[in-house]
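Accompanying notes for the structure given below.
Each chain gets a letter, A, B and so on, in the order its sequence line appears, and its residues count up from 1.
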Protein chains: 2
Amino acid sequence: MDFEQADALNQAIRLLSLRHRARAAALLAPLGLHPGQEALLLELDRNGPTIQAQLSEALGCEPPSVTLMTRKLEAGGHIRRTPAPSDKRASIVELTDSGKALADQVKQLWCALAEETVTGLPAETVAALPGILKTLTSNVDTRGPRHPHGRRRGLVAEA
Amino acid sequence: MDFEQADALNQAIRLLSLRHRARAAALLAPLGLHPGQEALLLELDRNGPTIQAQLSEALGCEPPSVTLMTRKLEAGGHIRRTPAPSDKRASIVELTDSGKALADQVKQLWCALAEETVTGLPAETVAALPGILKTLTSNVDTRGPRHPHGRRRGLVAEA
DNA sequence: GCATAAATATTATCCGCATAACTAACTCTA
DNA sequence: TAGAGTTAGTTATGCGGATAATATTTATGC
């Protein structure tokens with residue numbers, strides 16, 4: 001692949017990241033949320049009370065990031081952290097009533113954002129998009145070694 | 001669109017952002033660069049000396065971000081900033097010899113990253129990808145090109 | 001010409017996310 | 001059971017990127 005194509009792809013991914021995040025930020029701001037926090041709320045809404053280590057895994061970010069995000073969401077009254085009885089190291093994170101209400105609002109914003117994002121694309125492209133993006137992600141994922149999608153390492157030499 | 005689909009898409013975009021950036025960071029680290037800085041170097045390599053306001057536009061980030069990035073790249077000896085003679089407000093940014101050499105290395109990394117990213121996808125999907133991503137980006141772009149009617153680019157990118 | 005608006009760049013402050021280093025608690029084994 | 005190794009969580013620090021507020025300079029309108 002020549003540089004033109006490579007740059008077109010890498011740059012497109014970078015710009016999509018910036019703009020999609022900026023748009024999410026604009027939509028979340030009225031709720032008092034910053035981008036990234038909505039993922040934590042949605043994860044708690046999906047799977048119920050969770051240990052921070054599991055949140056770190058689910059959100060795809062590192063434990064220190066979870067520590068800071070949970071602290072701020074807790075200060076905002078949206079989540080609650082209680083020590084785990086079975087493991088004195090762990091703390092269980094769960095939504096408060098305020099957090100549940102907020103998660104419901106986030107869900108609606110999320111639908112609006114997704115529809116806005118794919119405007120003008122043919123339905124079959126939209127349908128294929130999540131799978132394509134997940135393939136791209138797993139291709140560059142240095143985190144979880146799993147993913148039966150395709151063999152990851154070995155095709156491109158390390159720099 | 002229901003929440004399941006919307007979340008699949010939004011989450012996929014978020015995770016791709018995190019992982020692609022993390023992979024870029026890992027590749028750029030040996031060069032002493034942090035992700036985001038490579039875009040500045042590549043832009044200078046493409047278009048030559050540029051004032052910061054144009055860089056801000058080209059990179060898709062705000063002027064204060066450019067100020068900090070240029071300061072660090074200047075401290076690293078990769079770029080040079082000289083006051084613009086025709087406009088006492090502006091400063092012209094350009095690559096040093098060290099910066100040019102670094103940009104060449106970045107270009108190679110960029111190709112490797114792009115190839116790694118699209119591993120396992122059919123060629124026609126790879127060909128369509130930049131265009132699709134640019135459509136997604138412009139759909140959520142609250143910044144740049146005010147194009148009230150009509151789309152800036154087609155649904156499929158130029159090859 | 002002069003007052004006002006716009007543009008360029010900077011500083012300060014915030015958040016997300018990262019790594020490194022550390023404490024505390026759990027587990028496993030010798 | 002004692003020690004080693006592992007895991008959960010935190011703090012400290014750094015960068016990218018954002019907004020808000022502030023000079024300074026340029027452009028514009030009257």
Side-chain angles (χ1 to χ4, degrees), chain A residues 13-29 31-41 50-76 81-93 142-143, chain B residues 13-29 31-41 50-76 81-93 142-143:
Chain A
I13 292 175
R14 177 178 170 273
L15 268 185
L16 175 60
S17 303
L18 281 175
R19 295 288 146 255
H20 187 264
R21 185 182 182 88
R23 185 75 184 117
L27 293 173
L28 292 169
L31 303 184
L33 291 176
H34 291 82
Q37 299 179 338
E38 88 288 340
L40 206 158
L41 293 181
T50 312
I51 242 64
Q52 288 186 199
Q54 291 175 336
L55 280 177
S56 167
E57 172 71 18
L59 301 184
C61 60
E62 299 301 317
S65 302
V66 176
T67 294
L68 297 179
M69 289 169 65
T70 52
R71 176 180 303 168
K72 281 156 192 167
L73 287 172
E74 186 180 34
R81 294 162 67 199
T82 59
S86 61
D87 189 337
K88 292 175 185 171
R89 301 168 299 179
S91 62
I92 298 175
V93 184
T142 56
R143 248 171 110 93
Chain B
I13 292 175
R14 177 177 170 274
L15 269 185
L16 175 59
S17 304
L18 282 175
R19 296 287 146 256
H20 188 264
R21 186 182 181 88
R23 186 72 184 120
L27 293 173
L28 291 168
L31 304 183
L33 291 177
H34 291 82
Q37 299 180 338
E38 88 288 341
L40 205 158
L41 293 181
T50 313
I51 71 169
Q52 292 185 194
Q54 290 174 338
L55 279 177
S56 167
E57 172 70 18
L59 301 184
C61 60
E62 299 300 317
S65 302
V66 176
T67 293
L68 297 180
M69 289 168 64
T70 52
R71 176 181 303 169
K72 281 156 192 168
L73 287 172
E74 186 180 34
R81 294 162 66 198
T82 58
S86 62
D87 189 337
K88 291 175 185 172
R89 301 168 298 181
S91 62
I92 299 175
V93 184
T142 56
R143 199 184 153 97

Which of these nucleotides, D:dG17, C:dG16, D:dG9, is closest to any side-chain atom of B:Arg21?
D:dG17

Nearest-Å distance, NE2 (A:His34) to C1' (D:dG17)?
12 Å

Could you list the protein-to-nucleotides 19-26 of chain C atom pairs, N/O on both sides, closer than 3.5 Å?
{"unit_1": "C:dC26", "atom_1": "OP1", "unit_2": "A:Lys88", "atom_2": "N", "d": "2.8"}

By salt bridge (Lys or Arg N to Asp or Glu O under 4.0 Å) - contacts of B:Arg21 (at least two apart):
none

For A:Arg19 and D:dG17, is the shortest distance between a side-chain N/O and OP1 or OP2 below 4.0 Å?
no

Within the structure, does a side-chain N or O atom of A:Gln37 lie under 4.0 Å from either OP1 or OP2 of C:dG16?
yes

Write down the distance between CG (A:Leu15) and C1' (D:dG17), rounded to a whole number of angstrom.
13 Å

Pairwise distance CG(B:Leu28) to CZ(B:Arg23) - rounded to 0.5 angstrom
10.5 Å

For A:Ser91, which residues count as a side chain to side chain donor-acceptor pair (under 3.5 Å) partner, sequence neighbours excluded?
A:Gln52

Which nucleotide wins on minimum distance to the side chain of A:Cys61, given the candidates C:dT8, C:dA18, C:dT10?
C:dA18

Whole-Å distance, B:Glu57 CD to C:dT8 P, equals 10 Å

For B:Arg19, check side-chain contact (heavy atoms from CB on, under 4.5 Å) against everything at least two apart and list the hits.
A:Thr137, A:Val140, A:Asp141, A:Arg143, B:Ala22

Only counting residues at least two apart or in another chain, list the ones meeting side-chain contact (heavy atoms from CB on, under 4.5 Å) with B:Ala90.
B:Ile51, B:Ala84, B:Asp87

What residues form a side chain to side chain donor-acceptor pair (under 3.5 Å) with B:Ser65, not counting sequence neighbours?
none

Would you please confirm or rule out a distance under 4.0 Å between OP1 or OP2 of C:dC17 and any side-chain N or O of B:Arg14?
yes

